Amino acid sequence: MKKVELKCNSLNERGQGIGQYGKETFAIPNFLPKEVGIFSVDEEQKYQKFKLIKLLKTSPARTDVKCDVFTSCGGCQLLHMKYVEQIAFKKEFVEERFKNAKLPPKIDTVIQADKQTEYRNKMQVAYKYREGKIVYGFYEEESHRIIHLNNCLVQSERQNEIVRYIQQIMQQLKLQPYNEDKRTGLIRFILVREAHITKEVMVVVVTNGDQFPGRSEFVKRLRDKFPYITTIIQNINTRKTSIILGEEERTLFGKGYIEDYLCDIKFKISAKAFFQINPEQTEKLYQKVEEYAALTGTEVVVDAYSGVGTIGMVLAKKAKQVIGVESNKQAVSNASANAYENKIKNIKFYCNDATEFLKQMAKDQVAIDVLVMDPPRSGSTTEFLNAINQLKPQKVIYVSCDPTTLVRDLKVLEGDYRIENKTIVDMFVGTYHVETVVLLEIK
Ligand code: SAH
């Protein structure tokens with residue numbers, strides 16, 4: 001195999017090292033600016049064409065990686081960077097996105113994370129046969145190969161021990177893992193959700209079909225070993241898809257949901273509802289939203305893409321009225337129950353597409369003062385943003401988990417709104433993902 005010496009010039013948005021290989025621009029994970037290394041080249045491979053043999057020059061930004069699957073897993077991309085460097089990378093990356101879009105680039109605040117490991121409250125792994133043995137783990141990036149893991153550092157000890165023990169139960173009870181090609185076997189994924197304050201734990205077993213032979217024994221063994229598990233759910237997913245959860249589910253044990261607190265408000269969380277994965281940082285994020293909203297008690301607030309109602313309920317204390325809109329049925333049902341149980345009366349949640357809902361509000365000329373939006377990575381729609389331009393709330397607070405779609409969307413609001421303030425919250429430590437909150441005021 002051919003060997004080459006390569007030099008890294010900069011980083012791309014995924015934290016991969018960029019440089020030149022002849023006329024070709026390469027992007028290599030785990031390679032930092034100014035570093036030089038000897039790589040083997042496999043022209044056949046599109047992804048991971050270059051394999052590091054030896055670094056000749058290392059960057060002072062580099063740190064030792066404690067994870068043993070770092071180079072193959074791909075789930076965390078920045079573990080080889082010192083934490084300060086990770087933060088600098090994220091800040092620069094967001095600023096660059098703004099600059100390229102001709103929007104004011106300055107980031108006012110960066111909220112770092114105190115916890116750099118075990119920060120996730122949710123773990124999801126796939127199970128598979130490999131050479132006669134059951135393995136479990138995350139899918140390797142851009143492939144369907146499972147990277148077996150014994151201990152994922154961003155997940156808690158409890159989450160790790162549950163998924164590890166399930167591998168044993170499957171072996172003991174002869175429960176087959178799913179085979180993607182043949183579409184046979186029983187267990188596709190296990191999802192574990194853990195509440196950081198109440199410590200409740202949910203285990204979701206995603207099965208390829210309705211039948212779950214040995215399920216009472218499965219539940220018994222799991223509960224005997226981990227009495228702290230408060231609910232076990234079977235989710236049925238027979239589709240040929242990489243989406244983890246199917247539509248149908250049945251509760252095998254417990255309440256069918258867990259409860260947790262964020263900003264002293266209690267939230268019910270079902271298996272299919274979205275819930276932020278880093279609770280400590282989420283509280284800081286919501287506090288920032290609260291600060292940006294600066295409510296006085298007279299305002300009508302819209303919480304768009306509201307999930308289980310978290311942001312809306314945090315703001316409801318100081319608002320006159322809050323209107324939430326969310327398309328996931330389970331999340332809306334959780335949100336309404338959450339408002340009821342926390343005795344928050346000035347909030348109402350609607351199950352609808354956020355764009356349709358906002359267009360209708362614009363048509364009805366509803367008077368709103370503050371609009372908070374927290375769309376998925378794909379961002380919002382031009383129609384949604386145009387409806388904001390018609391509704392003209394005094395403030396728009398955009399919570400974004402993807403700076404690229406964020407700046408694209410901000411361009412639609414640029415005519416009527418001025419960017420007042422920006423914060424980055426480091427929710428996804430060790431990964432290239434960035435959470436940004438932007439405060440916009442009407443011109
Ligand atoms: N604000 C919440 C949820 C943010 S995640 C929180 O902080 O927890 C984004 C949410 O948008 C998810 O709950 C998802 O179900 C919802 N969503 C995605 N597309 C949507 C659409 N077109 N209309 C309404 N909600 C949508």
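Here the structure is a predicted model, which means the values were calculated and not measured. Just follow the structure's listing: the first ligand is 1, and inside any ligand the first atom is 1.
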Review point. What protein heavy atom is closest to atom 17 (N) of ligand 1, reported as residue, atom name and distance in Å?
Key: Ser327 OG, 3.6 Å

Check your understanding: Can you list the steps and then say if Val300 with Ile323 is a side chain to side chain contact (heavy atoms under 4.5 Å, CB included)?
Key -> CA-CA 8 Å; Val300 176; Ile323 302 159; 4.2 Å; yes

Study note, to complete from the structure: Closest heavy-atom approach to atom 5 (S) of ligand 1 among Phe274, Phe384, Tyr350 is made by Phe274

Study note, to complete from the structure: Correct closest heavy-atom pair for Asp369 and Glu299 would be OD2-CA, 3.2 Å

Study note, to complete from the structure: In terms of its nearest heavy atom to atom 10 (C) of ligand 1, the top option of Glu356, Gln330, Glu326, Gln276 is Glu326

Exercise for review: Give the ring-plane orientation class for Phe89 versus Phe93, where under 30° counts as parallel, over 60° as perpendicular and anything between as tilted.
Suggested key: parallel

Practice item. Out of Phe275, Tyr286, Phe357, indicate the one that has the non-hydrogen atom closest to atom 8 (O) of ligand 1. Key: Tyr286

Check your understanding: Does Pro376 have a non-hydrogen atom less than 4.0 Å from ligand 1?
Key -> yes

Exercise for review: May I ask you to check whether Asp353 has an N/O atom sitting below 3.5 Å from an N/O atom of ligand 1?
Suggested key: yes

Review point. Using heavy atoms and a threshold below 4.0 Å, how should the contact between Thr310 and ligand 1 be classified: side chain, backbone, both, or neither?
Key: side chain

Review point. Judged by non-hydrogen atoms, does Asn352 sit under 4.0 Å from ligand 1?
Key: yes

Practice item. Evaluate the ring planes of Tyr139 and Phe189, with Trp represented by its six-membered ring, and classify them as parallel (under 30°), tilted (30 to 60°) or perpendicular (over 60°). Key: perpendicular

Check your understanding: For Gln281 and Asp426, which heavy atoms make the closest approach, and how far apart are they?
Key -> NE2-O, 3.0 Å

Check your understanding: Centroid-to-centroid, Tyr165 to Phe226, below 6.0 Å?
Key -> yes

